[in-house]
Visitor: 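Quick one: the structure is below, questions incoming.
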Amino acid sequence: MHSDVLIIGAGSAGSVVANRLSADPARRVTVLEAGARVTDPEMRRPELWPFIHGRRYDWAYRTTPQPGLAGRSLEWARGKGPGGSSLVHAMAHMRGCRADFDRWVEATGDDRWSWDALLPSFIRSESFSGGADAVHGADGPLPVMLPGPDLSSPLVSDYLAAWESLGVARIPDHNGGEMLGATPNSLTIRDGQRVTVSDVYLDPVLDRPNLTLLTGVDVHRLVLSGSRVSGVEVSLHGADEVLTADEVILCAGSIGDPLLLMRSGIGDPAVLSAAGVDTVLESTGVGANLHDHLLGAGTLYRSARPVPPTRLQLSESMTYLSLDGLSVTAGPADIVVGCVVGPSASESFPDHGVAPGEGYTLLFGVTNPTSRGSLRLSGPDLADEPIIDPNYLDTEHDRAAFRAALEHARLVGGSDALAGWRDSEVLPGASVSTEAEADAFIARAAITHHHPVGTLSMGASDAAPVTPDLRFRGLSNLHVVDASVIPSITAGPVHASVLALAESFAARYPA
């Protein structure tokens, strides 16, 4: 089977690229997806998103024990099936701020990755509930809903008012270029149900005769011929075969992409040798620069009155803040505090004693962590478990910013504006007051925010695995288009920026 373009991965980025590139009827596009179509009705229910992890449509990865997290190993949910991680994520739609994309430009030397240059891609991807304006689109595939007071929890309304009482600006939403301030989360929900990227980008165009989606495909390795990918070794319907294409685009994500490359002999020779893989193409940055957001789960309060069930997806508002002061409204976001309509705590605190309806949580975290980890192979085959080491909280920057985030969560949690909700602080509690006590609590409370990026970073340097135009260095017909190429994480959830990245790539293809 030969295609003009072979896309590996039908997740968020793969769905966008497949839609846009197959719009040219002369271009034969094939998409390979490891997972099956997901029919679980609970996947559609926004409020159940934390509870569907671990099901058959989750790759269910796990990190190595983390010294910075008191030796804990974290579960890393990643979606498996058409739609990818949009099957299992929290549905929050936050583009990142201008300062985030300034770092992309600095890493790549290419203005195409600036906020202003990406804005048309953001607009093109969305259908915003508030309608079109200078920064929003109304005709794109993905519904983006900004909840009003009719849907938001009354707790969240008071939480937002509490920040305003402390001098934090109320902003329209998170997607106007600056994120500092208080606002409800924009969500990819329509008619009360989760919307996956496959729903709106890939599925509606599967009747195109030049577009083929193959599910249940195990992709073992790439076959190289000189500086080109000559084929892809796969197992399909129990049979092994080699698929060929003029161009190959990796869209399997921050875990799947580098693992495939390493199985193919592309990567750091020392890492490959340790896994029993011969080096075919040296690229020492493959699997490096892994980083992710953590959230402290959490600052938990017993409520003075019943907390109504969420009508959205539990985590209804994230407030991004500058450590230069609560009144700062422009520039980088340093920390975040989020309001969860219910009790939420890490597995370290199973006996906190707060039942649903009896409490609420203020999550807290660092938006631009400087700790960097790695992804490695444990063996040469697809069944060999990856070695995922995010190296969380390795830098003093991250530890200090996390302490500050906890302080800000307790500041708003203890404010007069939330006095009508607050009975008592259950976690961290009165026993946590010193810097050392805060560090110890954070190490036990921190959980992943499910945003791994950077394992195939794009950059101007020859050491970066991917060029600024998203071509894999050393291979003329291989591109990478997903979160793995992000050199520095955006302040909020990365999903919106991944969609814009894919839209930008597709609009320029072929370059």
Visitor: Apply side-chain contact (heavy atoms from CB on, under 4.5 Å) to the pair S504 and L118, showing each step before the final yes or no.
Guide: CA-CA 7 Å; S504 174; L118 281 171; 4.0 Å; yes

Visitor: Nearest heavy-atom pair of S198 and S15: which atoms, and what distance?
Guide: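 Of all heavy-atom pairs spanning S198 and S15, the closest is CA-OG, 3.7 Å.
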
Visitor: What verdict does the ring pair (Phe, Tyr, Trp, His ring centres under 6.0 Å) test give for F505 and H479, after you've listed the backbone C-alpha separation in whole Å, the side-chain angles of each residue and the deciding distance to 0.1 Å?
Guide: CA-CA 10 Å; F505 170 82; H479 287 85; 5.3 Å; yes

Visitor: Just checking, is any N or O donor in the side chain of N210 or S22 under 3.5 Å from an acceptor N or O on the other one?
Guide: no

Visitor: Measuring from I255:CD1 to L260:CG, what's the distance to the nearest 0.5 Å?
Guide: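 The distance works out to 13.0 Å.
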
Visitor: Can you tell me if S3 and T30 form a side-chain donor-acceptor pair at under 3.5 Å?
Guide: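 Distance-only check passes for S3 and T30.
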
Visitor: Kindly say whether P149 contributes a backbone atom to a donor-acceptor pair with the side chain of S152 at under 3.5 angstrom?
Guide: no

Visitor: Please determine whether side-chain contact (heavy atoms from CB on, under 4.5 Å) holds for the pair H93 and N185, giving the CA-CA distance in whole Å, both sets of side-chain angles, and the decisive distance to 0.1 Å.
Guide: CA-CA 7 Å; H93 191 83; N185 293 343; over 6 Å; no

Visitor: Can you find a heavy atom in the side chain of S186 that is under 4.5 Å from one in the side chain of M145?
Guide: no

Visitor: Checking T183 against D173: is there a side-chain donor and acceptor pair closer than 3.5 Å?
Guide: no

Visitor: List the atom of H89, the atom of T188, and the distance in Å for their closest heavy-atom pair.
Guide: CE1-OG1, 4.0 Å

Visitor: If I take atom OG from residue S114 and atom CD from residue E106, how far apart are they, to the nearest 0.5 angstrom?
Guide: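 The CD atom of E106 is 14.0 Å from OG of S114, to the nearest 0.5 Å.
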
Visitor: Might you work through the salt bridge (charged side-chain N to carboxylate O under 4.0 Å, His left out) test for R37 and D203, ending with a clear yes or no?
Guide: CA-CA 11 Å; R37 181 72 63 180; D203 296 354; 2.9 Å; yes

Visitor: May I ask you to check whether T310 and E316 show a side-chain donor-acceptor distance below 3.5 Å?
Guide: yes

Visitor: Can a cation-pi geometry be assigned to R194 and W49, taking NZ or CZ under 6.0 Å from the six-membered ring centre and within 45° of the ring axis?
Guide: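 No, R194 and W49 do not form such a contact.
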
Visitor: Considering only NZ, NE, NH1 and NH2 on the basic side and carboxylate oxygens on the acidic side, decide whether D4 and R27 come within less than 4.0 Å.
Guide: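 Salt bridge: no.
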
Visitor: Where do R305 and G420 come nearest, in terms of heavy atoms and distance?
Guide: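 In this case the closest contact between R305 and G420 is NH1-O, 3.4 Å.
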
Visitor: Are any of the side-chain nitrogens in R55 or D40 under 4.0 Å away from the carboxylate oxygens of its partner?
Guide: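 Between D40 and R55 there is a salt bridge, with a charged N closer than 4.0 Å to a carboxylate O.
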
Visitor: Decide whether Y201 and E503 meet the rule of one side-chain donor and one side-chain acceptor closer than 3.5 Å.
Guide: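 Short answer, yes.
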
Visitor: Is the shortest distance from a Lys or Arg side-chain nitrogen in E47 or R311 to a carboxylate oxygen in the other one below 4.0 Å?
Guide: no

Visitor: Please lay out, stage by stage, how L501 and L470 fare under the test side-chain contact (heavy atoms from CB on, under 4.5 Å).
Guide: CA-CA 10 Å; L501 185 150; L470 305 189; 3.8 Å; yes

Visitor: Give the minimum heavy-atom separation between T361 and S344, together with the two atoms involved.
Guide: OG1-N, 2.7 Å

Visitor: May I ask you to test the N175-H136 pair for a side-chain heavy-atom distance under 4.5 Å?
Guide: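 Result yes, sub-4.5 Å side-chain heavy-atom pair found.
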
Visitor: Have a look at V485 and tell me which of T467, V480, T108, D257 forms a side-chain contact (heavy atoms from CB on, under 4.5 Å) with it.
Guide: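 Result: among T467, V480, T108, D257, V480 is the only option passing the side-chain contact (heavy atoms from CB on, under 4.5 Å) with V485.
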
Visitor: More than 12 heavy atoms of other residues, nucleotides or ligands under 6.0 Å from CD of E75: is that the case?
Guide: no

Visitor: Examine the side chains of T319 and Y159 and answer whether a donor and an acceptor come within less than 3.5 Å of each other.
Guide: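 Yes - a donor-acceptor pair under 3.5 Å links their side chains.
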
Visitor: Roughly how far, to the nearest 0.5 Å, is the CZ atom of R112 from the CG atom of D469?
Guide: 6.5 Å

Visitor: L290 and I388: side-chain contact (heavy atoms from CB on, under 4.5 Å), yes or no, with the steps?
Guide: CA-CA 9 Å; L290 174 62; I388 301 171; 4.0 Å; yes

Visitor: Side-chain contact test, heavy atoms from C-beta onward, threshold under 4.5 Å: evaluate it for R44 versus T196 and give yes or no.
Guide: yes

Visitor: Looking just at side-chain N and O atoms, do D334 and Y320 make a donor-acceptor pair shorter than 3.5 Å?
Guide: no

Visitor: Please tell me if the side chains of R471 and V466 come closer than 4.5 Å, counting only heavy atoms from C-beta onward.
Guide: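 R471 does not reach V466 side chain to side chain.
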
Visitor: Just wondering, do S346 and R72 contact through their side chains at under 4.5 Å, heavy atoms?
Guide: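 Yes. Closest side-chain heavy atoms under 4.5 Å.
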
Visitor: Minimum heavy-atom separation for G296 to F402, with atom names?
Guide: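 Closest heavy-atom pair between G296 and F402: N-CE2, 3.8 Å.
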
Visitor: Is there a donor-acceptor contact under 3.5 Å linking the side chains of S85 and H450?
Guide: no

Visitor: In terms of ring plane angle, is the pair W104 and F101 parallel, tilted or perpendicular, where the classes change at 30° and 60°?
Guide: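 Taking F101 first and then W104, their aromatic rings stand perpendicular (interplane angle over 60°).
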
Visitor: Which label fits W421 and Y360: parallel for a plane angle under 30°, tilted from 30 to 60°, or perpendicular past 60°?
Guide: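 Plane angle over 60°, so perpendicular.
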
Visitor: Does the side chain of L211 reach to within under 4.5 Å of the side chain of L202, using non-hydrogen atoms?
Guide: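 Result yes, sub-4.5 Å side-chain heavy-atom pair found.
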
